[in-house]
Every structure is written in C-alpha cells, then in structure tokens.
Amino acid sequence: MTQQQDSAELMPWLEHAMHEFYQHGLVVIADAIPAELCQALLAEVSASNSLQPAGVGRQNQLQLNHDIRRDHTLWLDGSTKAQQQYLYRLDLLQQQVNRRCFLGLTHYECHYARYQQGDFYQKHLDAFKGRSNRVLTTVCYLNSVQQGGELVIYDEQDQWLQQVQPTQGTLVMFESERFPHEVKAAGDLRHSIAGWFRKD
Ligand code: OGA
Ligand code: MN
C-alpha cells in the first residue's frame with residue numbers, strides 16, 4: 001500500500017482537518033486515533049513507573065516547575081508496537097501538512113503525560129518566536145476525563161478561544177508560537193501524548 005492510500009485509510013478525517021488547520025492554525029479532531037490504539041497506549045503509560053516530573057526550561061528548577069506544571073512525562077522511543085502505530089500516523093500527518101501548508105517540518109517528538117487529580121499546567125506558549133524549533137503542537141487524549149483537566153486555548157490577543165474536554169481519541173493540533181494554552185486542574189487521572197512537529 002502506498003503512503004497516500006495509508007493516509008486515506010488510517011486517517012479518513014485528514015481532508016477536513018487540513019482544511020480547518022489551514023484556515024485557523026488550530027484544529028480539534030474527534031476520533032482521530034482509534035480506541036484500540038488509545039487503549040494499548042493507555043495500558044502502556046498506566047503500567048509504567050518511569051514517568052518523571054515534567055520540566056520547564058532548565059531541569060534544575062524543579063520547585064519552580066511545580067508551580068507552573070505538575071504533570072509527569074515519559075518520552076516515546078518507538079520501542080513498542082503501539083508506539084510505532086501512533087508514530088506512523090503522526091508521520092503521515094507531518095507529510096500531509098508539509099504538502100499542503102509548506103511548513104518544512106523535519107521530525108516529530110512526543111511524550112506521554114500523566115496528570116493526577118489536582119495536576120495542572122499554567123498558561124504558556126510551547127515555542128517563542130525565533131527561539132525554538134517547535135512549529136506545531138499536538139495533543140492526543142488517551143482517556144476521557146469526566147471532571148476538570150480541560151485544555152483552554154487563547155488567541156494571539158490572549159482572548160479565550162476554545163476549550164477542549166479530554167476525550168479518548170481526540171487529537172488537537174495548533175501552531176506552537178501562536179496559541180497560549182493551559183491545562184486546568186484535573187479532576188481525574190488524565191493521560192495524553194503531547195508532541196511537537198519540529199523544523200531543525
Ligand atoms: C503541553 C500541553 C496540553 C494538554 O504538554 O505542553 O500544553 O492538553 N499539553 O495536555
Ligand atoms: Mn503546551
């Protein structure tokens with residue numbers, strides 16, 4: 001099968017999502033990743049005891065980080081079947097974005113994130129103009145959160161734009177330099193994969 005056929009089969013939402021993304025620089029795609037794959041990834045991160053307190057900038061300021069974000073993270077290394085299936089989809093997505101939006105993305109990096117009850121991530125940008133190679137942010141939710149844990153996205157004037165309730169299989173993608181965003185305190189365990197398409 002060609003990658004073009006793979007894209008159409010594995011990501012039937014692609015056409016519509018690309019159109020939305022092209023217009024707004026932001027897209028929220030429900031049921032982007034199949035439930036079985038989300039469950040496999042969720043099982044993996046749930047069973048792992050290798051997650052570490054997330055860093056902000058320099059790694060030696062853990063106390064300060066704790067005021068800004070409280071999630072724990074673990075980078076994906078492509079070592080399992082589930083990770084490979086996820087990374088393959090994101091690779092196809094990268095190719096489509098490059099083809100249509102001419103962003104020249106060169107690779108993708110991503111980590112699991114676990115927010116326990118009460119964990120949050122204060123409003124931030126994932127990239128600063130001219131200071132980062134992160135071009136696009138992606139977040140895929142591995143479980144549905146009934147209470148709290150919303151992703152709140154703001155526009156370039158810092159006005160409330162959109163709120164996303166984490167739902168299994170939903171994929172969010174937006175321009176990293178453009179949209180400040182925050183994660184509200186989670187009411188329940190919240191597992192996701194946050195990733196960045198980069199231009200290096
Ligand atoms: C991040 C982030 C959003 C989310 O990890 O940088 O903003 O919804 N995550 O998990
Ligand atoms: Mn972020």
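Start at 1 with the first residue, then count along the sequence. Both ligands and their constituent atoms are indexed starting at 1 by order of listing.
Here is the list of ligand 1 atoms found below 4.0 Å of a heavy atom in Asp126: 6 (O). Residue Ala194 approaches ligand 1 through these ligand atoms, each under 4.0 Å from one of its heavy atoms: 5 (O). Every atom of ligand 1 with a heavy atom of Val183 under 4.0 Å away is listed here by number and element: 3 (C), 4 (C), 8 (O), 10 (O).
Taking only nitrogen or oxygen atoms, main chain and side chain alike, Tyr121 does not reach within less than 3.5 Å of ligand 1. Between Tyr141 and ligand 1, at least one pair of N/O atoms sits closer than 3.5 Å. Where the criterion is an N or O separation shorter than 3.5 Å, residue side chain and backbone included, His181 meets it with respect to ligand 1. In terms of polar-atom proximity, His124 is counted as a contact of ligand 1, with an N or O under 3.5 Å from an N or O of the ligand.
Side-chain contact, Tyr154 with Gln162: no donor N or O sits under 3.5 Å from an acceptor N or O.
Salt bridge annotation for Glu109-Arg134: present, with a cationic side-chain nitrogen under 4.0 angstrom from a carboxylate oxygen.
Considering just the N/O/S atoms of His124, the one nearest the Mn ion (ligand 2) carries the name NE2. Within Asp126, the N, O or S atom lying nearest to the Mn ion (ligand 2) carries the name OD1.
At a 4.0 Å heavy-atom cut-off, ligand 1 does not touch Phe174 at all. When non-hydrogen atoms are compared, ligand 1 lies under 4.0 Å from neither the backbone nor the side chain of Arg134.
Residue Phe179 places every heavy atom at 4.0 Å or more from ligand 1.
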